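In what follows, chains carry the letters A, B, and so on, assigned in the order in which the sequence lines appear, proteins first and then strands, with residues in each chain numbered from 1. What you see below is based on every heavy atom in this structure, not just the backbone, and it leaves out hydrogens, waters and symmetry mates. Note that the structure is a prediction, hence the values are computed from the model and not measured.
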Amino acid sequence: MTAKPRERQLVLVVEDYQDAREMYAAYLQFSGFDVAEAQNGVEAVEKTTELLPDIVLMDLALPRMDGWEATRRLKADPRTRHIPIVALTGHALAGHAEGAREAGCDAFVTKPCLPDALVAEIRRLLDRHAPKDDNGQDRPQPRTSGKRS
Amino acid sequence: MPRVAAPLAPGPALEPEAKLAFVEFLLTSIDVQESARRAVDWLVAHAPVTEAAVLVAEGQANEMLLVAEHGISTGAIIDFALSRDDSAHPLIAALNSASPVYIEDLPAHHRGPLSARAFHAIPLRAEAQEPGMGLLLVASLARELDAESQWIGRTLGKQVSRLLGRQLLAETRFGQERMLLYSIINAVTDPILLTDTEGKLIIANSHAEKLFAAPEEASEGWRRAAGLNNMLFSAALSTSAVGMTELARRELLLVDPLEGSDLLFELLSSRAKDERQGTYVVSILRNITDLARAKEEIEESYRTLRVAQAEVRDERHRLDLIIDSVADPILVTDQEGDIVLMNTPAERLFNAPGIDDELALRRVRANGANLTSFVSNVLTRSGEQRYRGEIQLADPVTGRPLPVEALAGTILSEQGELMWVVTILHDLTEAIEKARLYEQLKQASVELERKVQEATAELADQNELLRRQHIALEQASALKSQFLANMSHEFRTPLNAILGYTHMLLNNVTGQVSEPQRKSLSRIDSNARHLLALINDILDITRIEAGRMPLNATTFGVGELFDEVQAELEPIIKRSNLAVATKVRGSVPMLKTDRQKVKQIVLNLLSNALKFTPAGSVTMTAWYDARSKQVEIAVKDTGVGIPPEDQAKVFEDFRQLDSSPARGYGGTGLGLSICRRLAHVLGGTIELESVPAKGSTFTLRLPAKARRR
């Protein structure tokens, strides 16, 4: 881990829909996180490798490279493998959750997801991962916390 | 060996006893011949003697008489002649010899009675110095005279010496003649018997003995057969007229003692009167068994012949009946082509009896000519057993054309000559008509088949069309589902933003909002949420209708499901102030079905109940109906209830009973509709019981193991 300790945890928000991206970014900052943004899968992989965020919020339907592929690449890279990824999708069709889990997502959230619910999910994941990162232990099994209205 | 029937010869007794018995006999006997015969019998019984003879000379008589013999032919007895004067004869020399002489190779002119070339000649006399009175000749290959022959020679010598002093020559001579007689009657192959008038046996020849006397060592069967034969014979004699002196002839059935088979004899008996000893009956039996059998066979074959003749007559009669009963004309023609036999139907065509119409007679002649030409065809085709042809005839009376099939068979003699032609005619009118009809039928069938093929082709076209339409529909349906899924996604993205920003505003992320602003933002929020719920429900329905709601069966307990549902609605339950209880009655098996869908239904039912129950309680109960193998889940409330006329409507789309815009219950009005659809997908049902103002009970019934509907 080359990243120096940060005061605030860094969340990379990957979302092609600007309004949503900025909304989540604003709320996350409001909630006490540092936020980086990416608009597509390629950018997501680049920024993750570069910034090594504490967690990635990944929309699955993305231009250039979709969220599944980006997740697969990040989980295949030893440098970024440990970073938890929360998948975010508007499609509630069955199969999306499985696809996301297979790609290596640690959690799965269906849109619409209210900002505070999203923040709660991010906190939950970070709490689970944070103490174990330094020990270099395996991450716990990915768990889905799908929500339906 | 002829002998007096009784007493029978002594059996094989012990030697001394046999000798004693013989000596006792000699003492009582006064007959030289009898004594000599017993001596020979004794010798034959006790020594291995094949031929033996006793010759006796009496007093001054010159001739030697043969008085007893064994194994000597009748011819030899008759031919035998020996004079005591013939001193050159070896036998005469032996007669005068002091001791027994062994003679070998007697010269031809000095023939003796024995056929054997070597024999002992034992002179018979009382004392050694006496002249010999007779000779005992015993055939033997051994020079040494055996003890038995010596003893017999001595004993018989004493007897002869004793008796000849008293006996007349004539009697001795008579004895020889009697012996000759025995020999003669023995030579006769027919059984001959001399009996008294009661049938008691006095003399029998050897063939008669076989039938009437059983030796001691004979089997039980033999003895019994002999006894039976004696009885039969006596009976036969006694039935013949008493006092009859003429020859009587009758049949006598006896038993062969050795074979056990029946023997049929012709019994010829005649009476002989003897002045001294009374009346005797001489019987001769002639075996006619074979004759009788032959006669029986002849009678049997005659009977068989008679039966066969009768059968032939019956058969002929039956055949006539059969032939006449056949509806088809049958004719028999000879090798000249002339009709020799025909049945009644044939007569109608070729004879027309009782019809003298000129036209009819002409037709009959025409028919005959046609038949003749057919038969002549058959005759020229020798070698073929069957011949088939068609003849055009006409009904003599009506003139109706009569096409017939003619089937002819030839009958050959044993020498292979053609004797008769049998022809059967079969009316073809019907067959021709049938063939015509068949042809029509076949055409109709072909036509029908063509039509069926056309129809089938059309049907196949239609099917193909339908199949394409079906594919198109499926594609359209899939497109619709895809479109709706996409649309839902497209709806959600902006909705997500609307909800998110509203939320942020309400949470003062962008600064404090005033109370009126908060009120407006809340309205935006609640309407946006309603819109989202609508979108979700529509998407659910679309997916169910498109059959794209896959069953994801897992095993779970209904109790844990209740807990989970209750936990999820905990905030609403708290707010409602209702008493919410869950009960699992009895033993409910684990469910193996789509947990997510069951949960969605139960969630919906519970939230509905909470929504429409202002006060009181909501109870969720589960139990298992073993008969239908269904798990039943009832959600019972004490709410507003549903009027009977509306109870069916609640499951329809977009139905809320209070459809005013200002309805106070919220929800999309699609919940129950989705519940029912989901229940169907799981193979179950939902039913409603409700009383207005009292409450409602929704009952979900699910198979414990899901099966696709």
Side-chain angles (χ1 to χ4, degrees), chain A residues 13-33 35 37 39 57-63 66-67 86-101 108-122 144-149, chain B residues 478 481-511 525-526 528-540 542-544 546 548-552 568 594 596-597 599-600 603-604 607 666-668 671 674:
Chain A
V13 177
V14 188
E15 167 69 81
D16 62 324
Y17 186 52
Q18 192 186 353
D19 288 5
R21 190 174 67 238
E22 288 177 358
M23 175 185 75
Y24 287 133
Y27 198 80
L28 282 167
Q29 278 164 347
F30 170 77
S31 302
F33 291 96
V35 176
E37 295 176 26
Q39 296 185 23
L57 185 63
M58 177 85 77
D59 187 24
L60 290 176
L62 291 170
D66 66 25
V86 179
L88 190 63
T89 178
H91 281 279
L93 292 179
H96 271 222
E98 274 70 34
R101 215 168 286 142
F108 183 83
V109 173
T110 310
K111 282 194 282 188
C113 179
L114 291 177
D116 56 351
L118 188 69
V119 167
E121 182 66 18
I122 285 170
T144 305
S145 172
K147 284 222 171 160
R148 291 201 44 134
S149 51
Chain B
S481 295
Q482 189 58 46
F483 171 76
L484 282 168
N486 288 344
M487 192 186 76
S488 144
H489 176 68
E490 297 306 325
F491 280 168
R492 276 176 220 232
T493 307
L495 204 53
N496 191 34
I498 293 169
L499 281 167
Y501 282 105
T502 311
H503 186 78
M504 275 165 61
L505 287 171
L506 284 170
N507 278 305
N508 299 323
V509 171
T510 48
D525 186 59
S526 74
R529 279 172 196 271
H530 185 70
L531 183 58
L532 181 65
L534 276 172
I535 290 166
N536 283 339
D537 283 355
I538 289 168
L539 190 62
D540 271 352
T542 311
R543 287 193 313 207
I544 295 169
R548 283 171 59 171
M549 187 67 102
L551 267 187
N552 204 353
E568 209 146 304
D594 192 319
Q596 173 60 33
K597 293 183 177 62
K599 183 179 161 187
Q600 194 178 338
L603 258 176
N604 207 300
S607 71
T668 59
I674 291 171

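- Smallest separation of non-hydrogen atoms from A/M23 and B/A497: SD-O, 3.7 Å.
- Residues B/N496 and A/Y17 form no side-chain contact, since every pair of their non-hydrogen atoms from C-beta on lies 4.5 Å or further apart.
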- Go through the steps for A/L114 and B/R529 under the test side-chain contact (heavy atoms from CB on, under 4.5 Å), then give the verdict. CA-CA 11 Å; A/L114 291 177; B/R529 279 172 196 271; 3.1 Å; yes

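- Smallest separation of non-hydrogen atoms from A/D19 and B/Y501: O-OH, 2.7 Å.
- Using a 4.5 Å cut-off between heavy atoms, B/N508 contacts chain A through its backbone alone, with no side-chain atom that close.
- Heavy atoms of A/E22 lying under 4.5 Å from chain B belong to its backbone as well as its side chain.
- When every heavy atom of A/P115 is checked against every heavy atom of B/H503, the shortest pair comes out as CD-CD2, 3.8 Å.
- Nearest heavy-atom pair across A/F30 and B/N507 is CZ-O, 3.9 Å.
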